[in-house]
2 protein chains.
Amino acid sequence: MQDYLEANKGRFLEELLELLRIPSVSADSKFKGDVRQAAEYVRESLAKAGADVAELHETAGHPIVYGEKIIDPSKPTVLIYGHYDVQPADPLELWTSPPFEPVIKDEKIYARGSADDKGQFFMHVKAFEAMMATDSLPCNVKFMIEGEEEVGSNNLGSFVSQNREKLKADVILISDTAMIANDTPSIDTGLRGLSYVEVEVTGPNRDLHSGVYGGAVANPINTLAKMIASLHDENGHITIPNFYDDVVELSAEEREMLESAPFNLEEYKADLAIDDVQGEAGFTTRERASIRPTLDCNGIWGGYIGEGAKTVLPSKAYAKISMRLVPNQDWNKITDLFAAHFQSIAPKSVKVTVTPHHGGQPYLTPLESAAYKAAEAALTESFGKKPVPTRGGGSIPIVALFEKELGLKTVLMGFGLDSDSIHSPNEHYGLFNFYKGIETIPLFFKHFTALS
Amino acid sequence: MQDYLEANKGRFLEELLELLRIPSVSADSKFKGDVRQAAEYVRESLAKAGADVAELHETAGHPIVYGEKIIDPSKPTVLIYGHYDVQPADPLELWTSPPFEPVIKDEKIYARGSADDKGQFFMHVKAFEAMMATDSLPCNVKFMIEGEEEVGSNNLGSFVSQNREKLKADVILISDTAMIANDTPSIDTGLRGLSYVEVEVTGPNRDLHSGVYGGAVANPINTLAKMIASLHDENGHITIPNFYDDVVELSAEEREMLESAPFNLEEYKADLAIDDVQGEAGFTTRERASIRPTLDCNGIWGGYIGEGAKTVLPSKAYAKISMRLVPNQDWNKITDLFAAHFQSIAPKSVKVTVTPHHGGQPYLTPLESAAYKAAEAALTESFGKKPVPTRGGGSIPIVALFEKELGLKTVLMGFGLDSDSIHSPNEHYGLFNFYKGIETIPLFFKHFTALS
């Protein structure tokens, strides 16, 4: 196995770079053709690697790539999930090299999608190839690689519910998260849920001259600002009534365990070039970003935003707002609470619409499951160190969906780092992480088969 | 005179439409060539109308058109001011016909600049032509038509101070404001000043994943919203310390006189399709828009504003903010007060920069001046009705500048209507107003010469 990985690592990297050159931005319809091309590339990779089945499933949106290799129906089956779509690359001017022209710098691959998630799911394709080539695949494997994760996986749910038989497995393995450090392996045991909405505030029916009407008519930008500001109190608590009702508070022991993982606040601030952190009173920076729900504006726009000055009192202002949720919050319920509250705080002088974009449920992986133990053993073997269980702040909504539709637990064995700048300019993924992942995955298959 | 106007009105309109077809947007550098073309067109119109001097004066920005006809140095001189530049036309999708392809609908000219200010200053060019053609120009006339009014007239000040001799006159006449209604002539006796700034709020040094960092790091959009919201208190008062110190409060009599002009709040709300007005407690809608200072966001942007959803915690958020000022507020002082206050309310978790765009001082025209009386007589003669003195909410910063540099009072004899949608999509100007202006202006010349 090691010899095979060593002999082929150059080609593995070349093939990943090829995939990274395809701008598969799922959020923007003008990249529709590129998204399909990426799907086709993944399908071919699976076929070449030795899958018996490697096919594209059409959806109302972008296609889902499905692949499988059944060596013996009596053996356990590992279902690999990943996504070949990527976040939009803007703001382009902040990239030091073009987002879709990958370059290797300081042992890192710089490109949109390098870490999230092309670089990570592709490790599974290559690990599968290696197990096939060295005749060491110990159990059955299935692949489900979608193209709409970055826009809410809107069509994955129906695909899963319509293909329960095809997707039958014993565990789901996903590499789409980060570990603590290259010398500190960790496993994400929890994910935050998400509710993503867009709001529109309308004042007058047309843009007005701010001199003629300014001061006498509600300004939708000022009004939106006031409404957004009111969503947090002075302690950083979210003010939406009943927002915290279902939040599971962690025990002192659980909080202690999470804090045991290495973390340096000064380095954290220095890395972001901020003088101070900010968040909910009574919780540490890590807790704020993992076990606590949040509300963030992801975008805001209205009025004149071009060069120079325009004295306009605009008709409309908009914002994209997302809330990260923690176990037991239900994203549909939270979305409704937000919409009702946002309408209720709108002054009579404006009209407000709230449009839900998408969402997902939070998730927890039990530490006593065979799946977690197999991942723990695999990482211990390849890193020579026992991994730390952590709680992630991000959301992979479909993990909760898989549990509901397929009755399967998921293991989040991610090889990225928080510093990979995913969703940001200059996203990158370490060569060490890429190769370490390919080396570790077969070990998970070995241990999981043994433990099952 | 009447015969000449009647015989040439078709050509007058054609010539205006020609000028309106030139997209002279001063705020956007990509229209630089068009702005110059508009200046050239104005220069030619003055020469054709009979000016002895008609020339372009270069500035650091867009050129200033100067023209003059001196019939007798011993006679009084009227200096006409106007601007040939226009506001940006966006949002383009809200125009029912292209902004720079003028069309006549319901007796109105629809085009960007039709009312502000091409349609209005061009009346003076045609009135001048008519007086020349009918040999009835009773005094000297000078024209100063600039191309940077919509971006703060940054280069007019130095032009004026360097050309005091050339600009020597007895009064300045400007048509760049509105009257109450076509059957209710009025004269603007006061203007609000302006301070226009742009603010930038920086949180982390790069865009972040809102899942990984959300809740733990200041979000510049949420922070900006909070800062903007805090600029007004619950009574609609501006919270910037010392902001109101120099405001001149009107006497009960003065407020009563302003309220005497016809105004219908229900029609006002219906026209804007709003359920309620909003503004400073203790003042009427008209007072809020004329004799009271205001603070409005003219634009805001930050984060992901494209199609779909992006879970980004952005590095930066921006806003364009303008304050309308009333007599005696000084725009430089207010700009400093704003900058100091906005910096002071920024939390330690972000960095804030405030960049002044431009500004101007408020202004008042004395009712007892010969200039005002001449305008009053002219309007009374052409409308058969005595005009109402009003206070405008808009700003023509250079009016205060003229008084300071040239020691001249200004008469604001505007023929527009508040419903002309200036600075908005579907800006328009009535044919009645265009022709009525051309007919009234020679009467001002007659009465002013007689009263001087």
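Computed over heavy atoms, backbone and side chain alike; hydrogens, waters and symmetry mates excluded. Chain A is the first sequence line, chain B the second, and so forth, proteins listed ahead of strands; every chain is numbered from 1.
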Let me know if B:Glu150 has heavy atoms under 4.5 Å from chain A in its side chain, its backbone, both or neither.
backbone
Can you say whether B:Ser322 sits under 4.5 Å from chain A via the side chain, the backbone, both, or neither, judging by heavy atoms?
side chain
Supply the atom-to-atom distance A:His232 NE2 to B:Thr223 OG1, rounded to the nearest 0.5 angstrom.
9.5 Å
Highest number of heavy-atom pairs under 4.5 Å with chain B: which of A:Gly214, A:Ala218, A:Gly303?
A:Gly214
Which atoms of A:Gln87 approach chain B - backbone, side chain, both or neither, heavy atom under 4.5 Å
side chain
Under 3.5 Å donor-acceptor, A:Asn205 side chain and B:Asp271 backbone:
yes
Looking only at heavy atoms, the pair that brings A:Arg324 and B:Ser210 closest together is NH2-OG, 2.8 Å
Where is the tightest heavy-atom contact between A:His358 and B:Ala309, given as atom of each residue plus distance?
CE1-CB, 3.6 Å
Answer with side chain, backbone, both or neither: which region of A:Ser29 has an atom nearer than 4.5 Å to a non-hydrogen atom of chain B?
both
Working to the nearest 0.5 Å, report the span between NE2 of A:His209 and CD1 of B:Ile422.
4.0 Å
State, to 0.1 Å, how close B:Ser349 and A:Val277 come at their nearest heavy-atom pair, and which atoms those are.
CB-O, 4.2 Å
B:Asp275 vs A:Lys351, test: side-chain contact (heavy atoms from CB on, under 4.5 Å). Steps then yes/no.
CA-CA 9 Å; B:Asp275 294 334; A:Lys351 291 171 190 64; 4.1 Å; yes
By a 4.5 Å heavy-atom criterion (distance strictly below it), what part of B:Leu194 contacts chain A: side chain, backbone, both, or neither?
side chain
Return yes if some donor-acceptor pair links the side-chain N/O of B:Tyr196 with the main-chain N/O of A:Lys310 below 3.5 Å, else return no.
yes
Check: A:Thr311/B:His423 side-chain N/O donor and acceptor closer than 3.5 Å:
yes
Is it the backbone or the side chain of B:Pro314 that comes under 4.5 Å from a heavy atom of chain A, or both, or neither?
side chain
Tell me which of these, A:Asp207, A:Leu272, A:Asn219, A:Asp296, has more heavy-atom pairs under 4.5 Å with chain B than the rest.
A:Leu272
Look at the side chain of B:Asn222 and the backbone N and O of A:Cys297, then say whether any donor-acceptor pair between them is shorter than 3.5 Å.
yes
For chain A, the option from B:Val212, B:Ile228, B:Thr284, B:Thr285 that forms the most heavy-atom pairs under 4.5 Å:
B:Val212
Give a yes or no answer on whether the side chain of A:Arg206 reaches the backbone of B:Pro425 with a donor-acceptor pair at less than 3.5 Å.
no
So for B:His357, is it side chain, backbone, both, or neither that comes closer than 4.5 Å to the heavy atoms of chain A?
side chain
Out of A:Gly302, A:Gly394, A:Ala289, return the one with the most heavy atom pairs under 4.5 angstrom to chain B.
A:Gly302
Just so I understand: if I count every heavy-atom pair under 4.5 Å between each of A:Asp116, A:Ile305, A:Val350 and chain B, which residue has the most?
A:Ile305
A:Ile274 side, atom CD1; B:Thr202 side, atom OG1 - distance, nearest 0.5 Å
12.5 Å
So do B:Gln278 and A:Pro347 actually touch side chain to side chain, heavy atoms under 4.5 Å?
yes
If one checks every heavy atom of A:Leu94 against chain B at 4.5 Å, the contacting part turns out to be neither
When only pairs under 4.5 Å are counted, which of B:Val217, B:Leu231, B:Leu191 shares the most heavy-atom pairs with chain A?
B:Val217
Looking at chain B, which one of A:Glu280, A:Arg286, A:Arg192, A:Lys226 has the largest number of heavy-atom pairs inside 4.5 Å, strictly under?
A:Arg192
B:Lys269 versus chain A, heavy atoms under 4.5 Å apart: side chain, backbone, both or neither?
neither
Checking B:Arg292 against chain A: side chain, backbone, both or neither under 4.5 Å from a heavy atom?
neither
Is there a side-chain contact between B:Tyr268 and A:Tyr213 (heavy atoms, below 4.5 Å)?
yes
For B:Asn298 and A:Val312, indicate whether the former's side chain and the latter's backbone hold a donor-acceptor pair under 3.5 Å.
yes
In terms of heavy-atom pairs under 4.5 Å, which option from A:Asp276, A:Ile300, A:Thr294, A:Ile221 contacts chain B the most?
A:Ile300
State, to 0.1 Å, how close A:Gly306 and B:Lys320 come at their nearest heavy-atom pair, and which atoms those are.
O-NZ, 3.0 Å
Are B:Tyr304 and A:Asp90 side-chain neighbours, meaning at least one heavy-atom pair lies under 4.5 Å?
yes
Out of B:Leu295, B:Asn426, B:Ile321, B:Leu208, return the one with the most heavy atom pairs under 4.5 angstrom to chain A.
B:Leu208
